[in-house]
Amino acid sequence: MSIEPEKTYNPKESEERWREFWEKEEIYRFDEKSKKPIFSVDTPPPYVSADHLHQGHIMSYSQAEFVVRYKRMRGFEVYYPMGFDDNGLPTERFVEKKYNLNKNKISRNDFIAKCLEETKIGSKTYQDLWRLLGISVDWTKTYSTINEHSQKISQVSFLDLVKKQKAYRAKKPIMWCTTCQTALAQADLEDEEKETNLVYIKAKTQAGQEVVFATTRPELLPSCVGMSVHPTDERYKNLVGQKAILPISQAQVEITTDEMVDPNFATGIVYFCSSGDRQFLDWETKHPIKNKIYLLDPNGKMNRLAGKYEGLTVLETRKQIIDDLQALGYVEKIEKITHSVNTHERCGTDIEFVDSEQWFIDVLNFKKELLAQADKMRWFPLFMKQKYIDWVSNLRWDWCISRQRYYGVPFPVWYCQKCREIILAQESDLPIDPTMQKPKIEQCPKCGCADFEPEKDVMDTWATSSVSPSIAAGLVENQATKAKLYPTTLRPQAFEIIRTWLFYTVVKSLYNFDSIPFKDIMISGHGVDSQGKKISKRLGNYTDPKEIIAQYGADSLRYWATGALLGSNLKYSEEGVRKGKRTVTKLFNAGNFCFAHFEKNNFQKIDLAGLKAEDKWILFNLSLAIKKITDHFDNYEYSKAKDETDNFFWHYFCDNYLEFVKHRLYQDQPDPTAKQVLYRVLLDILKMYSPLMPFITEKLYQDYFRQFEETKSIHISAWPEPMESLDSSQKEQADFAQALLVIDKIRAYKSSKQLSQGKEIEFFKTKIPLPKNLITFVKSVCKVKDIKF
RNA sequence: GGGCGUAUAGCUCAGUUGGUUAGAGCGUUUCGUUGACAUCGAAAAGGUCUCCCGUUCGAGUCGGGAUACGCCCACCA
């Protein structure tokens, strides 16, 4: 043999070589002038605050990558940009924790500088890993959600909504985090089971009758504005309409009836406190009260209205007031209960309700329209659509988009000091920071005064990431091409951000453009540990992907990631990675075996007339496999595509076909037809594996095929087509199936007799009728001198 | 309380429109292979497809119900 192949495959060296090759040759560059149909991806911009990347990240980012590589080979001009979500609370919280900072004790500019610094480190970490993994994004098309480009698009979107009266400013009760000291949206909440005290407090009516109510929030007692019992509760009929005198404050509140009271819970008497919980807000609409009493300052401390408790935190007050009530004899009993409370997902602090002026986007009035959008997009898998429908149907709040924070996109807005008129920035001036710049107009159009106050709040992080399709499309210069990038073809994302990223993007797209933001949605599950638990830093149940890649190679890790069915979690198993490694090695060996026989000759064209039965069989099955695999990829079922490719490569090609043709390769005059078929089948196998394992397939392509094939990389070569010209009749296939059965029998026979498969036997007796032309074939494959029927 | 998902071999999971004897990988057992590959090959053992009822000539697959687990939402004084 003239080619002396490498004995073993070294993924580390090989993969780095092809990474450099792809970068140098700009294989994944988006061609703005291309005439091909476009396939665009609204890549999820990861939070750069993640300082511990793990297998879960690999899994969720690989899935779009598999599809993208397939589409590229199918003749699409693929637009695959990469964003980094670095603005907003997630980054702020990360910086606060890492440097033990408090946003109130550091200047706005210093804080932002620190965030920007971390942002840079974070995006570098991601970029390095994606490069290592072979993610085929066009790195000339990147954005960060805090950069000027994104800020401008986000602000344009906001101004548009204001003008369309979909965004509005209002003072109303909102959800508040006392740790992060900002307003929140419904989507920012999380449920948490907590143990707490249910305190039974004794009050008296004016008439001196005892009224016992139970509460988990005794600290709100100074803000109590009323009590209610269930209208049918016979026990308390005589209390209704009376006034109760509250302990400590001595305030008097009216006892009313309300359907929402559960007579079976505790004493059946509820006390309502201004903004104590969501239930109060409902109650308030039916029981109008003159003066609401707000006890809480934004930092979660009691104000002057709390009297002696002023300056204490909620929890301190709770403890203190229970002591006081007990000392005064107002406590009947205390029960320990567990209940779930709404907490802020970023810091775990219990949510409080405060009355505050914020910016909102109207969603409650457009539920119907927002639900209708769901039907205009294709969901993979379909059942995930239900999560969106459930979320939209259950919305209780308009989307609060203002955050009392520093590191985010500013609102392009000022207010007239005198009349509070809202002054909007001009679109041509965007992006703008109103705290740094003054409005263009000299006077307030309403009152004529010249004093303007900038909006100091920044936008919710989702208010910007929800325009990611526009941000991504905006990176393209060519106007005609840019227009084709909206709506995006595919939105890949994880299921847990359906209620945030997905929902908010649909909202923005509907209001800004009266359009869907993307056509297809591919939802992934999580990468979880081998026990099925979510991978997290806290549990320590993760491995650094870089270590896995160093040990097994990126192809092997990617191979594990292909195991995920759409929408399902995928358990991490090193065994799965090892299976990938085995597949890589098998490809390497099978490839080198063929190349050794090909030498440097071209077997690109198949001489159809010279095809033998086994050739027709493998080509026929290749066509079947191509059809199935193509179909799976078209439905974003890369996992099923992988199974099918494995099956064809391993069992049809390696275990059988290679064995079938060996005798034709080793004879004195090797059969060129066999080599032609090997060329074709092996090349198609490499192509079908290439979206999943880009490195080994590129290497084998370059080692031999490249000299005869047109494209400089396998990743921009044409996807395999089934051979329609091949005339393989049912009869031929049936005959060959008979031959396979006999081969199986002979193999089983040798195995049962503990004989080597290569051991020649005198004869084999079978009842299976074998077509004449296949008798010789079976004899030479199985090393049998004679077959008797 | 509502919604969604899952339940198939020891383990991890496939099973498309209902159709002979329910599959794969790993693991186990028994062998073989030194001319691509011990990162291989051949074979064996291993399943009342969670349970009940129904539709059907026929159900792992369709319908109804139950149970268990997981996730989401709501309630939570």
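In what follows, chains are A, B, ... by sequence order, proteins preceding strands, each numbered from 1.
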Both distances under 3.5 Å, Watson-Crick or G-U wobble: report the partner of B:G46, or none. none

Output the rounded distance in Å from CD (A:E659) to C1' (B:C37). 10 Å

Check the distance between B:A24's P and A:Y652's OH and give it to me in whole angstrom. 13 Å

5'-most contact on RNA chain B (nearest-nucleotide basis), A:A590 vs A:D282, goes to A:A590

What's the CZ-C1' distance between A:F653 and B:G41, to the nearest Å? 16 Å

Across the strands shown, which category fits A:V584 at heavy-atom distances under 4.0 angstrom: base, sugar-phosphate, nothing? nothing

With A:K579 as the cation and A:W560 as the aromatic partner, state whether NZ or CZ is under 6.0 Å from the six-membered ring centre and within 45° of the axis. no

For atom P, what is the distance between B:A68 and B:G63, given to the nearest Å? 22 Å

Counting any heavy atom closer than 4.0 Å, what does A:I337 reach on the DNA or RNA strands: base, sugar-phosphate only, or nothing? nothing

To the nearest Å, how far apart are A:E644 CD and B:A14 C1'? 11 Å

For B:C11, the Watson-Crick or wobble counterpart (both distances under 3.5 Å): B:G25

Figure out the CD1/C1' separation between A:I498 and B:G5, and round it to whole Å. 12 Å

Geometric cation-pi criterion A:K745 and A:F764, 6.0 Å radius, 45° cone: no

Less than 3.5 Å apart, any donor N or O on the side chain of A:Y636 or A:Q63 sitting next to an acceptor on the other? no

Is it the case that atom NZ in A:K292 sees more than 12 heavy atoms from other parts of the structure closer than 6.0 Å? yes

Quantified in whole Å, what is the P atom distance between nucleotide B:U28 and nucleotide B:A36? 27 Å

Determine: side-chain N/O of A:W650 to OP1/OP2 of B:G41, distance under 4.0 Å, yes or no. yes

Quick one: is A:R582 getting a side-chain N or O under 4.0 Å of the B:C37 phosphate, OP1 or OP2? no

Do A:E496 and A:H526 have side-chain N/O donor and acceptor atoms under 3.5 Å apart? yes

Mind calculating the distance between CG (A:N394) and C1' (B:G3) to the nearest angstrom? 9 Å

Between B:A42, B:G3, B:A36, spot the one nearest the side chain of A:R747, thanks. B:A42

In whole Å, what is the span from the CG atom of A:L740 to the P atom of B:A42? 12 Å

Identified pairing partner of B:A36, criterion: Watson-Crick or G-U wobble below 3.5 Å: none

In Watson-Crick or G-U wobble terms, with both distances under 3.5 Å, the base opposite B:G60 is none

With both distances kept under 3.5 Å, what pairs with B:C71, Watson-Crick or G-U wobble? B:G3

Could you check whether the rings of A:H597 and A:F593 sit parallel, tilted or perpendicular, using 30° and 60° as the cut-offs? perpendicular

Is the shortest side-chain N/O distance from A:K640 to OP1 or OP2 of B:G15 below 4.0 Å? yes

Distance check: side-chain N/O of A:Q186 vs OP1/OP2 of B:C72, anything under 4.0 Å? no

Rounding to a whole Å, what distance do you find between A:N569:CG and B:U6:C1'? 11 Å

When you measure from the centre of the six-membered ring of A:W397, is the NZ or CZ of A:R278 under 6.0 Å away and within 45° of the axis? yes

State the pairing partner of B:C51; accept Watson-Crick or G-U wobble contacts with both distances under 3.5 Å, and report none otherwise. B:G65

Side-chain donor/acceptor contact of A:K387 with base of B:C4 under 3.5 Å: no

Suppose you measure atom P in B:C37 against the same atom in B:A42; what distance do you get, rounded to whole Å? 16 Å

Between B:G60 and B:U20, how far apart are the two P atoms, rounded to whole Å? 11 Å

A:S340 has a side chain; which of B:C26, B:C76, B:G3 sits nearest to it? B:C76

B:G41 phosphate, OP1 or OP2, under 4.0 Å from A:K750 side-chain N/O: no

